[in-house]
Amino acid sequence: MALDNKSLETLLKQVASGEVQLPEFQRAWKWDDDRIRSLLATVTLDYPMGVVMTLQNGGPNRFRTRALHGTPPSAADREPELLLLDGQQRLTSLYQALLSDRPVDTLDARGKEIQRWYYIDIGKAIDPNADREDAIISVPADKLLREDFGRKVTHDLTTVEGECAADLFPLNITFDNAKVAAWHRAFVRADDVNWDRWPVFKELVLDRITKFQVPMISLGKDTDKVAVCQVFEKVNTGGVSLNVFEL
């Protein structure tokens, strides 16, 4: 067993490629909108999000596997190198919100299935007196923000210009340098004051995400299958519990 830090960007790209997958006995991913917003606030502040545990794939005791929810179909076509024992909810949420090019599949407060994009309000993010969770904005799949019971569109975020006008940065492009650079150019063109605001936002938010480190416990591929199941049962206290028969 080894404990090491891995960059969030590297880990999420391993999830996207299928290099990191789930053992088949893991239950389905199911996190609601509020939890995702809270997790994104944690990462943008560079606060600890907890340890991730993986098992090196292969060895005498093999598990059937599946790719994480929302990853491209190609992710399931490869043989994974690592199996995720603890951290499914967090990494699936972060992959979908920070790296995917499609809206996040999640749940509202009543448990209804919804799709959301996640943005960060630049003004609130650079305000030292603002609550960071208030700066994380959950946006419907059509990227239209409405009020008056949905009758009035207040912001159209379907274009970069619309995002800049609303002062809302799309978090799913954070790790794409070319898209961030293009968004930056549009943002400073939108208003002269943004020339001074952008470097502050980059330092307080974007740099913290791109440099974010995830502590990871790695179990070797020769770890006994019974031991793996016992570890899994103990560490997965935040998800849906599996009984001994299921394990």
Side-chain angles (χ1 to χ4, degrees), residues 5-22 26 28-33 35-52 54 65-78 80-84 86-107 114-122 125 132 135-141 143 157-158 160 163 168-184 201-202 204-216:
N5 285 339
K6 178 171 285 193
S7 78
L8 178 62
E9 180 177 6
T10 297
L11 197 50
L12 295 185
K13 288 181 176 178
Q14 287 179 310
V15 167
S17 70
E19 185 178 339
V20 173
Q21 295 189 31
L22 298 167
Q26 281 262 34
W29 173 79
K30 204 174 196 181
W31 253 25
D32 62 37
D33 182 53
R35 275 188 170 185
I36 296 173
R37 287 181 57 250
S38 180
L39 177 62
L40 289 170
T42 295
V43 172
T44 63
L45 288 166
D46 196 22
Y47 290 172
M49 68 168 224
V51 176
V52 166
T54 62
T65 64
R66 73 174 190 275
L68 274 69
H69 183 89
T71 53
S74 58
D77 294 337
R78 67 171 293 173
E81 296 182 21
L82 297 172
L83 302 183
L84 190 58
D86 186 33
Q88 178 195 181
Q89 309 294 339
R90 288 166 288 158
L91 290 188
T92 304
S93 299
L94 292 173
Y95 163 74
Q96 291 191 89
L98 298 177
L99 204 65
S100 178
D101 59 1
R102 59 182 300 275
V104 179
D105 297 316
T106 184
L107 304 170
I114 55 174
Q115 290 188 316
R116 287 291 186 270
W117 299 98
Y118 290 92
Y119 284 76
I120 185 162
D121 184 307
I122 293 177
R132 182 54 60 87
I136 306 298
I137 309 300
S138 172
V139 174
K143 295 189 176 182
L157 306 179
T158 58
V160 171
E163 293 170 339
L168 295 176
F169 178 84
L171 286 170
N172 72 310
I173 71 168
T174 300
F175 295 116
D176 190 320
N177 292 332
K179 288 183 179 180
V180 170
W183 203 95
H184 170 214
F201 173 70
K202 182 177 182 296
L204 294 181
V205 177
L206 297 185
D207 289 350
R208 288 177 176 178
I209 302 175
T210 56
K211 296 175 182 178
F212 193 88
Q213 298 290 308
V214 180
M216 189 166 78

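Scanning all heavy atoms of the two residues, the minimum distance from Trp117 to Ser100 falls at CZ3-O, 4.5 Å. Asp105 and Gln96 get closest at one heavy-atom pair: N-OE1, 3.3 Å. Smallest separation of non-hydrogen atoms from Ser93 and Leu39: CB-CD2, 4.1 Å. Between Gln213 and Pro215, the closest heavy-atom pair is O-CD, 3.8 Å. Scanning all heavy atoms of the two residues, the minimum distance from Leu12 to Leu91 falls at CD2-O, 3.9 Å. Closest heavy-atom contact between Thr174 and Phe169: OG1-CE2, 3.8 Å.
Side-chain atoms of Ser17 come within 3.5 Å of backbone N or O of Gln14 as a donor-acceptor pair. Between the side chain of Thr106 and the backbone N or O of Asp33 there is at least one donor-acceptor pair closer than 3.5 Å. No donor-acceptor pair closer than 3.5 Å links the side chain of Glu19 to the backbone N or O of Leu82. Of the possible polar contacts, none joining the Thr71 side chain to the Ala16 backbone as a donor-acceptor pair under 3.5 Å is found.
Side-chain contact, Arg37 with Ser138: no donor N or O sits under 3.5 Å from an acceptor N or O.
With sequence neighbours left out, Thr44 forms a side chain to side chain donor-acceptor pair (under 3.5 Å) with Arg132. For Ala141, the side chain to side chain contact (heavy atoms under 4.5 Å, CB included) criterion is met by Pro103, Gln115, not counting sequence neighbours. Residues forming a side chain to side chain donor-acceptor pair (under 3.5 Å) with Lys179 (at least two apart in sequence, or on another chain): none.
More than 12 heavy-atom neighbours from other residues, nucleotides or ligands sit within 6.0 angstrom of NZ on Lys6. Counted within 6.0 Å of CG on Asp77, heavy atoms from surrounding residues, nucleotides or ligands total more than 12; the atom is thus considered enclosed. Other residues, nucleotides and ligands contribute more than 12 heavy atoms inside 6.0 Å of the NZ atom of Lys143.
Distance check, rounded to the nearest 0.5 Å: OG1 of Thr42 to CZ of Arg208 gives 12.5 Å. Remark: Leu83 CG to Gln21 CD distance equals 8.0 Å, nearest 0.5 Å. Atoms CG and OG1, from Leu68 and Thr92 in turn, are 4.0 Å apart once rounded to the nearest 0.5 Å. Atom-to-atom distance recorded for Ile137:CD1 and Leu171:CG is 10.0 Å, nearest 0.5 angstrom. With rounding to the nearest 0.5 angstrom, the OG1 atom of Thr54 is 12.0 Å from the CG atom of Leu22. Taken from CG in Asp32 to CZ in Arg116, the straight-line distance is 12.0 Å, to the nearest 0.5 Å.
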Walk me through it: do Leu98 and Tyr118 pass the test side chain to side chain contact (heavy atoms under 4.5 Å, CB included)? CA-CA 8 Å; Leu98 298 177; Tyr118 290 92; over 6 Å; no
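With Leu40 as reference, Leu94 is the one residue of Leu45, Leu94, Ile209, Ile120 to meet the side chain to side chain contact (heavy atoms under 4.5 Å, CB included) rule.
Using a 4.5 Å heavy-atom threshold, the side chains of Trp31 and Arg90 count as touching. Two residues are said to be in side-chain contact when any heavy atoms from C-beta on lie closer than 4.5 Å; Leu157 and Tyr119 meet this criterion.
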